[in-house]
Amino acid sequence: MARITVGTHVEFNSQAYVCFAIQPFERRNNGRVTEIARWASACPECGAMFEITTTVRRGIVSPNRRCERHRKPGIKVRMDANAGGDGPAIQEE
């Protein structure tokens, strides 16, 4: 997996995410400082922008796909019949 940096674009099942910030984060269990990535995407229901946070090390694995208003845990986002893919594809600029 390529290193995640600010500006990294990821596509997860035809939904685009862009990393807009990398921040230090202190773990509660051991006090170790690591990095988290903040990502922005558009809700497929209404188009509103929303953000998610992941670790820099793991990146986007199973992201929230909708804004807070349209959040539907356990219900998949319906995709276009021509869309495909099973996971994230990182594209660097």
Answer yes when Arg27 and Glu35 have at least one side-chain N-carboxylate O distance shorter than 4.0 Å, and no when they do not.
no
Taking all heavy atoms of Cys46 and all of Cys67, pick out the closest pair and write down the distance.
SG-SG, 3.8 Å
Verdict with supporting geometry, Glu51 and Phe20, side-chain contact (heavy atoms from CB on, under 4.5 Å):
CA-CA 9 Å; Glu51 83 175 58; Phe20 67 90; 3.4 Å; yes
Closest heavy-atom contact between Val56 and Ile22?
CG2-CD1, 3.8 Å
Using 0.5 Å steps for rounding, measure from the CD1 atom of Ile36 to the CD1 atom of Ile52.
11.5 Å
Taking Gln15 for the side chain and Arg65 for the main chain, is one N or O donor matched with an acceptor at less than 3.5 Å?
yes
Full working for side-chain contact (heavy atoms from CB on, under 4.5 Å) between Arg32 and Glu26
CA-CA 6 Å; Arg32 186 172 162 223; Glu26 185 177 334; over 6 Å; no
Indicate if Val6 and Ile4 have the same hydrophobic cluster label, given that clusters are the connected sets of ILVMFWY residues with side-chain heavy-atom separations under 4.5 angstrom.
yes
Regarding Trp39 and Thr54, is there a side-chain donor-to-acceptor distance under 3.5 Å anywhere?
yes
I'd like to know if the side chain of Thr8 and the backbone of Cys19 have a donor-acceptor N/O pair within less than 3.5 Å.
no
Least distance between heavy atoms, Val33 atom then Pro24 atom
CG1-CB, 4.1 Å
